Undergrad: 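The structure follows.
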Amino acid sequence: MSESSATDYLTVHEALHRIDKYTETGINSETIPARQSVGRVLSQDVAAQRDIPETDNSAMDGFLFLKNDLENGLRSFELIGEIKPEDDGASSPESGRCKRIMTGAQVPEDEVFVIPVELTTTTGSTVEVKDIPKRNPIRKKGEGYQKGKTMLAKNKEIRPYEIGLLIESGNKACRVKKSIRMAIQVTGSEVDEDMNTNGPVLSGLMETWPGVEIETHPVLPDDFDKVVDRMKELSGSADVVCTTGGISKGARDFILPAMKELGAEIIIRNIQQKPGKPITFTKLNGTLFFHLPGNPISATFCAEMYVRRVVRNMLELPHLNLKAVAANSLENHREEKTLFAPGKLFLDKNQRLSVRSKGVMRSHLLQLYRDNDVYLRLEPGTRYGKGDLIEVIPFSTGIDLS
Ligand SMILES: Nc1nc2c(c(=O)[nH]1)N[C@H]1C(S)=C(S)[C@@H](COP(=O)(O)OP(=O)(O)OC[C@H]3O[C@@H](n4cnc5c(N)ncnc54)[C@H](O)[C@@H]3O)O[C@H]1N2
Ligand code: MOO
């Protein structure tokens with residue numbers, strides 16, 4: 001079978017390639033208030049609606065003088081007024097006089113100079129200049145960005161910083177991509193609230209992903225007809241569905257038979273990897289389905305590795321290709337399977353990003369997440385010596401270098 005038509009037992013490399021080919025971009029957009037846009041993705045470039053700063057203004061609290069006076073050696077001035085940050089259209093003092101000025105207050109367009117209060121002495125209404133700083137502490141109009149110029153490019157995730165930029169630049173609203181509707185459907189007759197880790201862990205992780213709106217559904221028992229009905233329902237209502245459990249070879253693993261019954265397209269069936277080998281990727285009525293294995297580590301890993309990738313592809317967000325220096329040697333003896341091992345990042349004595357790993361994951365033990373922050377990708381039949389570079393895939397929750 002050629003790489004592009006194969007669906008079964010793909011290598012990790014082939015699976016990623018296939019996933020990238022399958023995901024479509026071009027999500028519709030909507031206008032929302034800038035203040036509520038955190039976690040969304042810009043669908044078009046944003047231009048500044050005003051210069052930042054809007055006017056020349058003082059970077060310090062101090063006094064405003066005519067530059068000429070200082071150049072002519074004048075050091076004693078009469079204080080004749082004050083310019084506050086909220087004042088518009090400030091005027092310069094006359095020769096021999098000065099004005100008090102506050103940080104952020106507009107300075108007039110004339111040749112003026114601000115001297116910080118620390119370099120002056122005030123007695124009554126007389127201001128003595130003790131010293132003149134080398135640099136005139138004035139922030140120039142438009143030095144941040146200019147009105148009409150693009151200050152945020154499309155396909156950018158909006159974080160709290162970008163909300164600040166939007167507000168500052170006079171953009172009260174912005175055009176963002178509509179959120180991807182992500183449904184999480186846990187399955188398994190044995191799964192009750194006391195043991196269901198997949199549901200809360202997956203929804204918690206996905207909440208940290210930009211551009212996603214999550215809906216969770218009650219646990220679905222291992223009943224073929226019920227599985228068929230639910231998969232059909234979900235295919236009409238969500239953009240992406242993640243099921244967990246019921247996808248390997250057990251007598252009650254009904255997910256794949258149900259998808260086949262419904263005529264779904266099977267895009268990937270099994271990936272040559274550990275953990276998460278049985279992962280299956282299908283499409284029904286335009287909805288993408290990731291059938292994640294039930295084992296808690298496998299479900300989580302597959303979501304981080306594959307579902308996150310699809311979501312980022314759909315939103316046209318870049319992928320992070322991160323490598324770190326191996327702090328210990330590691331080996332993948334298997335000839336076919338890629339192994340993903342948990343790893344802890346740290347900075348070595350030369351400040352290089354390094355990774356330490358105790359080796360392969362156990363698919364049922366969630367405690368590995370406590371002590372690690374990346375997955376290491378170990379290719380089949382490959383040995384990594386201490387000091388080699390290894391690809392790392394960070395957990396959604398971020399990297400902790402402390
Ligand atoms: N004969 C074979 N058996 C298995 C194979 C195989 O190739 N041949 N693959 C194994 C691998 S690898 C994995 S991974 C699991 C995945 O199986 P399923 O997706 O069918 O998952 P289940 O059997 O439903 O559950 C597996 C395990 O995980 C627990 N589980 C399920 N859901 C949850 C949940 N929401 N929260 C916490 N724990 C959950 C479940 O109770 C089982 O212990 O199959 C192997 N078997
Ligand atoms: O691959 Mo399974 O995910 O080993 O437990």
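Each ligand, and each atom within it, is numbered from 1 in the order the structure gives. As the structure is a computational prediction, the values presented were derived from the model and not from experiment.
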Undergrad: If we only consider heavy atoms of Pro293, is any one of them less than 4.0 Å away from an atom in ligand 2?
TA: no
Undergrad: Heavy atom to atom 20 (O) of ligand 1, shortest distance: which of Ser248, Pro200, Gly294 holds it?
TA: Ser248
Undergrad: Any N or O on Ile247 sitting closer than 3.5 Å to an N or O of ligand 1?
TA: yes
Undergrad: With heavy atoms under 4.0 Å as the rule, classify the contact between Lys274 and ligand 2 as side chain, backbone, both or neither.
TA: side chain
Undergrad: Side chain or backbone, does Gly199 bring an N or O within less than 3.5 Å of an N or O on ligand 1?
TA: no
Undergrad: Are Arg97 and Asp69 close enough for a salt bridge, meaning some N to O gap below 4.0 Å?
TA: no
Undergrad: Decide whether Glu304 and Ser396 meet the rule of one side-chain donor and one side-chain acceptor closer than 3.5 Å.
TA: yes
Undergrad: I need the atoms of ligand 1 closer than 4.0 Å to a non-hydrogen atom of Val186, numbered in the order shown.
TA: 35 (N)
Undergrad: Taking side-chain contact (heavy atoms from CB on, under 4.5 Å) as the test, write out the residues that go with Glu54, two or more places apart.
TA: Arg50
Undergrad: State which residues pass salt bridge (charged side-chain N to carboxylate O under 4.0 Å, His left out) with Glu190; sequence neighbours excluded, sorted by chain then number.
TA: none
Undergrad: Can you check whether Leu292 has an N/O within less than 3.5 Å of an N/O in ligand 1?
TA: no
Undergrad: Hey, can you tell me if Tyr22 and Phe281 have their rings parallel, tilted or perpendicular (30° and 60° cut-offs)?
TA: perpendicular
Undergrad: Would you say that more than 12 heavy atoms from the other residues, nucleotides or ligands in this model lie under 6.0 Å from the NZ of Lys147, or not?
TA: no
Undergrad: Are any of the N or O atoms of Ser298 closer than 3.5 Å to those of ligand 1?
TA: no
Undergrad: Could you list the atoms of ligand 1 found under 4.0 angstrom from a heavy atom of Asp253?
TA: 20 (O)
Undergrad: Could you name the option among Lys274, His291, Lys249 that has the heavy atom nearest to atom 2 (C) of ligand 1?
TA: Lys249
Undergrad: At a 4.0 Å threshold, what atoms of ligand 1 neighbour a non-hydrogen atom of Val191?
TA: 32 (N), 33 (C), 35 (N)
Undergrad: Would you tell me which option among Ile297, Asp192, Asn198 has the nearest heavy-atom contact to atom 33 (C) of ligand 1?
TA: Asn198
Undergrad: Heavy atom of Pro278 under 4.0 Å from ligand 1?
TA: yes
Undergrad: Measure from atom 38 (N) of ligand 1 to every heavy atom in Met195, Arg252, Lys277, Gln273 and give the option owning the shortest one.
TA: Met195
Undergrad: Mark up the atoms of ligand 1 that fall under 4.0 Å of a heavy atom belonging to Gly245, in ascending order.
TA: 19 (O), 21 (O), 24 (O)
Undergrad: Give a yes/no verdict on whether any heavy atom in Gly246 is under 4.0 Å from an atom of ligand 1.
TA: yes
Undergrad: If the cut-off is 4.0 Å to any non-hydrogen atom of Pro296, which atoms of ligand 1 fall inside it?
TA: 37 (C), 38 (N)
Undergrad: Numbering the atoms of ligand 1 from 1, which are under 4.0 Å from a heavy atom of Asn196?
TA: 34 (C), 35 (N), 36 (N)
Undergrad: Give the numbers and elements of all ligand 1 atoms closer than 4.0 Å to a heavy atom of Pro293.
TA: 14 (S), 16 (C), 19 (O)
Undergrad: If the threshold is 4.0 Å, N to carboxylate O, is there a salt bridge linking Lys140 and Asp56?
TA: yes
Undergrad: So that I can tick it off, tell me whether Glu30 and Arg40 are bridged by a salt bridge, with the cut-off set at under 4.0 angstrom between side-chain N and carboxylate O.
TA: yes
Undergrad: Does a side-chain N-to-carboxylate-O contact under 4.0 Å join Arg181 and Glu213?
TA: no
Undergrad: Take Ser169 and Asn171 through the test side-chain hydrogen bond (donor to acceptor under 3.5 Å, both in side chains) and record every step on the way to the result.
TA: CA-CA 6 Å; Ser169 64; Asn171 287 285; 2.8 Å; yes
